[in-house]
Every structure is written in structure tokens, then in C-alpha cells.
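Notes to accompany the following structure.
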Amino acid sequence: MTDRAVAKLQALVRIPSVSDRDPTQVDIAAFDALLDEMRSQFPRLHESLELTLVGTHGLLFRWPGRASERPIVLMAHLDVVPVDESAPWQQPAFSAEIAGGAVWGRGTLDDKGCVTAICEAVERLLETGHEPAQDVWLSFGCDEEVSGSAAIAAVDELERRGVRPWFVLDEGGAVAHEAFPGVKRPVAAIGVAEKGTTSVELRVEGRGGHASTPARNGPTVKLARAVLRIDRSPMPARVPDTTVELMKRLAPHLPLALRPVMGRADQIRPLLARALIAAGAEAAAMARTTFAITTLDGSPALNVIASSATAGVNIRVMPGDTVDDVLAHLRKVVDDPDVRITVVERGEASPLSPVDEVFDHVAALVAGHFPDAVVTPYVQTGATDSRHFTRICEHVYRFAPFRMSATQRRTVHSYDEHLDVDAFLAGVDWYQALIAELPA
Ligand SMILES: [Zn+2]
């Protein structure tokens, strides 16, 4: 028999709540259907919690506790990224099929697993007549994947009501298996900061013309040179304190020869930075600001020389760097006044949430439920809605209480996204304990 929580996850995954930067492209009916489905799947939650709608379909719930001095906010998002129809999904992307002990489909990991687990934890507690020790807020955005404004509206509402959360918990880290070379134990990584997302456009204008008489150094060539220069001149790498803490916590679980070195991670930062860069794209992204050349545009036809050529650059800004540092770096390495650099989207790195007794409170609960895991803070490379909450809360943590393999982590925003049933149910238990064990 399938657990009822699993059936609820399946019901939410089957609704294709795909967000889009262009509001006219959003399937409003799908989001309406999702909110309806949530009402029918979580009746007690909808009956007992106060609801404020934020943005078009964002939900902000308040579960009044016995006290409200140390309220918490549990976050997740309702929207998903689109599905590439040509990708070889083993199960249809919105089928929510169960196969091999997992629920398959877009949104299982990102982020309907969290939405369902949080709501089911609340539902279960309400069934037992539980009253939380502190106010519990649930904030579910509807446009996280398109950097939308629902989460900002939720923060505005909390600010208006004078709510200063004790901590905020959003997606981000997970109980990551096969996370670190040489470490056999899973790593329960709790994000304490996230990189900023900034995008720029490079544009070169020129004369264009007939492809039979090309002049040297046309717009496309200049653009290509600029792109290559950016690719060849990364920003300097460094190892922030959080990563040093990560290394220290991992040290006892590393192969014997490496333990003493990693235990002194703070004394060998330059060496460590080089090692991260060498360890592949995922590790390198933890050590520096990254530049990804994404869109490219030039001539509309094979026999026409472009009169303007553009490239989009998606930049993830490392805590410690600012957007202005990044722009100065870009101008310096491109070194060509004909290449115009325009900021399309400006996002600074988030502030660093402290690794203190509040972190320890969350970390202890993680350690209790996932005793085989090494619990550690880390700087996460992806962006979440929780960055907006740094405005009203110092302790913003990013962690989904699900075990995920390396393969599963690669399926996020890609194909074959799936969440193991056992991992999902353990996550429901974890959220339930988190709420049930709030200090008075
Ligand atoms: Zn997400």
C-alpha cells in the first residue's frame, strides 16, 4: 500500500505548474488547479492556518503557536521549470509514476517534495491536536524559478506585521550521497549563503553587409574574441570561512593521508582553492564567481554578415565579490571598447548566516534523523527565494531533508527527476520533528 503522503506528492507533481518570465505564457489554470489540489489534500492545514495570498498564486500561512517571540518560516516553491520534450525521460515528466522505489517527475526534487513534506507534517500534527510552541509560517512562492516577486511580497507582509523570524528554512542543501571524493558518508549540507545571480549582455555593432565581401574583425568576430577572453580569465578563486568549516568537518571522514591536511584547512587556503578548481565544475563553482556564456545571437541568415552580435553571460557572484567587482573584471578582460556590456539582471551574493546556536539547533535535528551523515554548513551555488528573507532574518538556512544520490542531483532542471519514496517519507518525519520540537 502506498503511504497517503506519497499519493499527495504524486497529485501535486501531476499538475504542470511551470512558471515563465513572461506572465502571458503562464498556464494560470494549472496554478489554480494546484492550489485546489492542495486544499483537498491538506484540509486540516487549510482549516486551521491563516492564509495570505502573495503574488499571483503564492501562499503564506501562519500557524499560531503558544508564543510568537521566535517564529520560524518553512519555505518551498510551487512552480517548476519546463520540460524539454526531446529529453529521454524514463517516465513521462508529469506522470508521477512510481518505479524502482521512487516517485518520478518534474518537481519531485525541486521543489514539490518539500511542499508536500512540509504540508503533510503540519497535517499530521494537526490530527494529533498539536499546538506549536512558536508561530510557524509556511511560505510557498509561485515564481521562484523565474526570479519572481511572490517571495518578496511574502517578506513585505511579514515585515508589515513585525515578524522577525528566529530562522528561515528553504530548499538548497540535502543529505547528499557521493558528495565528496573520498568521503563515504553522506554529507548533510546546510546552505548558509548563496551566490548572487547577475546577467549581462555583450553587444557589438557594426556595418554588416553581404557575406561575399566580409571585412576583417566584424561584430561576430569581436564578440567571439570577447567570449573567449572571459572564458580564459576567470576571477580569482578563494576559500571562504564556510568552506574551511566544511573541510574541517569532513576531515575525520577523509582517507587517512588527507586528514591532517584538511584538519588545518584554514592554514592552506590557497592550496585548497587550487584543489577545488581542479576537482571539477561543481567544486570549482564553490571557490569563485563563475561566468556561463548562455545565449548567442548574430546574423539571421547564412549569407548575411551580422550588423550586431550579442552574447548573454550568466554570472554567479561569490560571497565576498560584488556585482561592481565583477563588471570591473569583465571590462578589464574583454579590453575592447567596441564590446558594450549591459547589466540585464543584478543580484548580489547573499549575506552569510551565522553558524551559531540557531544553526546547531537545526543541525542537531539533521544529525538525529540522518545519523550516518556529516552535517556541515556550505555556500550554495544555486539561488533560492530565501535570499529575500535575509532582509528580515539573520538566520536563513537552505536544506531539504531528503537523501539524494549524485545522479539524482544532476536530474534537477534536467530529465529523470525522481525522489525515493523512503527518502521522501523520512523528510516528512524530519519536518514534523522540527515543528514538534520547537523550543518554548
Ligand atoms: Zn527550487
Side-chain angles (χ1 to χ4, degrees), residues 9 12-13 15-21 26 30-31 34 38 54-60 73-84 93-94 96 103-119 138-155 168-176 188-197 282 285 314 316 345 347 349-350 378-390 396-406 408-419 423-424 427 430-431:
L9 172 62
L12 299 198
V13 169
I15 301 169
S17 50
V18 178
S19 52
D20 197 292
R21 277 171 203 272
V26 176
F31 280 88
L34 186 66
M38 286 177 71
V54 289
T56 57
H57 292 83
L59 306 174
L60 179 65
V73 182
L74 304 180
M75 296 179 65
H77 60 88
L78 304 171
D79 60 318
V80 296
V81 292
V83 168
D84 175 358
F94 294 105
V103 183
W104 294 67
R106 172 63 82 231
T108 47
L109 297 177
D110 184 14
D111 191 24
K112 287 176 178 170
C114 284
V115 173
T116 315
I118 292 170
C119 291
L138 314 180
S139 180
F140 302 140
C142 56
D143 48 16
E144 193 272 348
E145 298 291 3
V146 294
S147 304
S149 58
I152 299 171
V155 175
V168 172
L169 185 75
D170 196 4
E171 61 170 342
V175 185
I190 302 174
V192 294
E194 61 187 67
K195 295 173 87 175
T197 305
E282 203 177 2
N314 190 258
R316 302 306 170 102
E345 175 188 17
S350 78
Y378 84 118
V379 175
Q380 76 179 45
T381 50
T384 69
D385 265 349
S386 71
R387 68 186 181 281
H388 302 299
F389 285 70
T390 57
V396 175
Y397 300 117
R398 301 150 181 94
F399 174 75
F402 301 130
R403 291 182 188 272
M404 294 180 199
S405 68
Q408 279 171 313
R409 295 197 297 282
R410 278 193 293 273
T411 67
V412 173
H413 290 209
S414 179
Y415 61 91
D416 276 350
E417 192 177 342
H418 62 286
L419 172 58
F424 168 67
W430 188 82
Y431 281 119

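Heads up: numbering here begins at 1 and tracks the sequence. Just follow the structure's listing: the first ligand is 1, and inside any ligand the first atom is 1. Reckoned from all heavy atoms, side chains included, excluding hydrogens, waters and symmetry mates.
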Quiz item: Would you say Glu171 has an N, O or S atom lying under 2.8 Å from the Zn ion (ligand 1)?
Solution: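 So Glu171 does bind the Zn ion (ligand 1) by this criterion.
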
Practice problem: Give a yes or no on whether Asp111 keeps an N, O or S atom under 2.8 Å from the Zn ion (ligand 1). | Solution: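 Checking Asp111: none of its N, O or S atoms is under 2.8 Å.
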
Exercise. Grab the two heavy atoms, one from Arg398 and one from Thr390, that are nearest each other, plus how far apart they are.
Key: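 It is NH2-CG2, 4.3 Å.
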
Self-check item: Minimum-distance pair of heavy atoms, taken over all atoms of Leu419 and Gln408
Solution: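 Minimum heavy-atom contact is CA-NE2, 4.0 Å.
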
Quiz item: With respect to the Zn ion (ligand 1), what is the nearest N, O or S atom of Asp110?
Solution: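 Result: OD1.
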
Quiz item: Angle class for the His57/Phe31 ring planes (parallel below 30°, perpendicular above 60°, tilted otherwise)?
Solution: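 His57 and Phe31: tilted rings.
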
Practice problem: Could you tell me whether the side chains of Thr197 and Glu345 share a donor-acceptor contact shorter than 3.5 Å? | Solution: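 No, Glu345 and Thr197 have no side-chain donor paired with an acceptor closer than 3.5 Å.
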
